[in-house]
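Input: a single structure, listed below in structure tokens.
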Amino acid sequence: MMAGMATEFEHELVTGRVVFAPGAVARVPDEVERLGARRVLLIGGGHDVALLDRVAGDLGERIRGRIGEVVQHVPIASVTAATDQARALDADLLLCVGGGSATGLAKAVALRTGLRILAVPTTYAGSEMSPIWGVTGDDGKVTGRDSAALPVVVVYDPGLTVGLPAGLSVVSGLNALAHAAEGVYAPAVSPVVRLVAQEAARALARGIARVGAAPTDAGVRSDLLYGAFLAGVTLGNAAMGLHHKVCHVLGGSHDLPHAETHAVLLPYSLAHNRGAPGLDLLAAALGGDDAATAVRDLGTAAGAPASLVALGFDPAGTGKVARVVADADFPNPRPVTFEGVRALLAKACDGAQP
Ligand code: NAD
């Protein structure tokens, strides 16, 4: 509860079963058995073929098919192909091993087939804890919430993220921090979820600050994945605001890299929402007085990209993005206007002080 404020919330925690432990990937066969699955379609990113081989080897003939390439923002063509494959195999479980792109493809197939998902995340995106799905077609990226898209089991093994390069670990961690940040001021957010968001921010900040110097440290990787899990719970149980909307539009229409876009924009989104109830709790969790400044300092010290231009965004597109965002319907603690979003984007293009 925030001191001195009238309390009002709705509480319903939506999560699947979670197994979190060093070496937990070895427990995937037990979890598949627990689900009674016999015909598994394995969906994995191409980053670690040896990991996919290992998971497939552990499951033996229960693996009936394998998709070894996934693409960010879930293009509709990949969804159609994967759905056809799942149906042709008569699969009874989708097992995704990888980042948000692998999870995202599994979610889109689950929505079309009713199949359950067992997720083994290898980044800090947090998609595995949310019922939010997204698919990109000719008209851009469409997203929604559906409980059928929420994995029924998530196996978290911090060791699987050791190979994530330090730079990617930092932006992926900041992507997770964005879920926690927008969770603290979400409308009618449960006090339980707000506490989860603050704990997520603390763990992520510790991990982001240390991963560059100690990328193979088990404690650092545990902090980051634990924080990502809690941030994913926040994402799945709180309505996201301006920050997620701008990132969604930039990712879907300008094909900007997902985690990097979150990393650049988060300080500016929080500066826009300065004074929102709950942001002081985020600042305190990050060890600062102002959340926007604390996130910016954390990212800068960890070597995160500082501007949208550095990610390949052409500032000439600012007005169009601002129009789409200003016309969209989403909750945010501070008013969202065309001029306000344009100013936010202009600062993010320059990498100016938030
Ligand atoms: P990603 O899954 O595309 O992975 C980024 C890159 O890292 C890829 O090249 C991948 O192969 C590689 N990689 C993954 N794990 C690795 C590891 N352990 N070591 C080395 N390399 C590794 O990116 P992401 O940031 O995890 O996810 C982004 C996607 O997820 C976007 O499409 C985004 O919209 C979606 N997303 C959805 C939600 C949701 O709730 N629906 C939440 C967060 C992200």
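One-based numbering, in listed order, for ligands and for the atoms of each.
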Open item on the list: Quick test of your reading of the structure: of Met240, His179, Glu260, His258, whose heavy atom lies closest to atom 31 (C) of ligand 1?
Closed with: His258
Open item on the list: Considering Lys141, His248, Arg145, Glu69 one by one, which has a heavy atom nearer to atom 34 (O) of ligand 1 than any of the others?
Closed with: Lys141
Open item on the list: Could you check, using the six-membered ring where one of them is a Trp, whether His243 and His272 have ring centers closer than 6.0 angstrom?
Closed with: no
How far is [atom] from its nearest protein heavy atom, and which residue and atom name does that atom have?
atom	answer
atom 39 (C) of ligand 1	Ser127 OG, 3.4 Å
atom 1 (P) of ligand 1	Ser101 OG, 3.4 Å
atom 41 (N) of ligand 1	Ile132 O, 2.8 Å
atom 12 (C) of ligand 1	His47 CB, 3.9 Å
atom 43 (C) of ligand 1	Ala125 O, 3.3 Å
atom 25 (O) of ligand 1	Ala259 CB, 4.0 Å

TODO: Of the side chain and backbone of Leu235, name the one, both, or neither that has a heavy atom under 4.0 Å from an atom of ligand 1.
DONE: side chain
TODO: Would you kindly specify which portion of Leu168 sits under 4.0 Å from ligand 1, judged on non-hydrogen atoms: side chain, backbone, both or neither?
DONE: side chain
Contact atoms of ligand 1, heavy-atom distance to [X] under 4.0 Å:
X	result
Gln72	1 (P), 3 (O), 23 (O), 28 (C), 32 (O)
Leu160	18 (N)
Gly99	2 (O), 26 (O)
Gly163	19 (N), 20 (C)
Lys107	39 (C), 40 (O), 41 (N)

For ligand 1, find out whether one of its N or O atoms is nearer than 3.5 Å to an N or O atom of [X].
X	answer
Ser130	yes
His73	yes
Thr123	yes
Gly100	yes
Trp133	no
Thr122	yes

Open item on the list: Does atom CG (Asp327) have a neighbourhood of more than 12 heavy atoms from anything else shown, all under 6.0 Å?
Closed with: yes
Task: Lys347 NZ: over 12 foreign heavy atoms closer than 6.0 Å - done: no
Task: Salt-bridge criterion met for Arg34 and Asp30 (N-O under 4.0 Å) - done: no
Task: Salt bridge present between Arg296 and Asp290 (N-O < 4.0 angstrom) - done: no
Task: Polar contact flag, side-chain donor to acceptor under 3.5 angstrom, Tyr124-Ser169 - done: no
Task: Side-chain donor-acceptor pair present, Ser269, Lys245, cut-off under 3.5 Å - done: no
Task: Test item: protein heavy atom less than 4.0 Å from atom 8 (C) of ligand 1 - done: no
Task: Under 3.5 Å: donor-acceptor pair, side chain of Ser172, backbone of Thr123 - done: no
- [ ] Check each of Glu8, Glu10, His11, Arg194 against Val189 using the side-chain contact (heavy atoms from CB on, under 4.5 Å) test, and report the only one that passes.
- [x] Arg194
Open item on the list: Using the rule given for salt bridge (Lys or Arg N to Asp or Glu O under 4.0 Å), can you reason through Arg62 versus Asp92, listing the C-alpha separation, both sets of side-chain angles and the distance that settles it, and then say yes or no?
Closed with: CA-CA 10 Å; Arg62 289 194 193 201; Asp92 60 5; over 6 Å; no
TODO: Before giving the answer on side-chain hydrogen bond (donor to acceptor under 3.5 Å, both in side chains), spell out for Asn273 and Tyr185 the whole-Å C-alpha distance, their side-chain angles and the decisive distance to 0.1 Å.
DONE: CA-CA 9 Å; Asn273 284 334; Tyr185 54 58; 3.0 Å; yes
Task: Trace of the salt bridge (Lys or Arg N to Asp or Glu O under 4.0 Å) decision for Asp217 with Arg221 - done: CA-CA 6 Å; Asp217 184 279; Arg221 291 300 179 176; over 6 Å; no
TODO: If the plane angle is over 60° it's perpendicular, under 30° parallel, otherwise tilted; pick one for Phe20 and Tyr226.
DONE: perpendicular
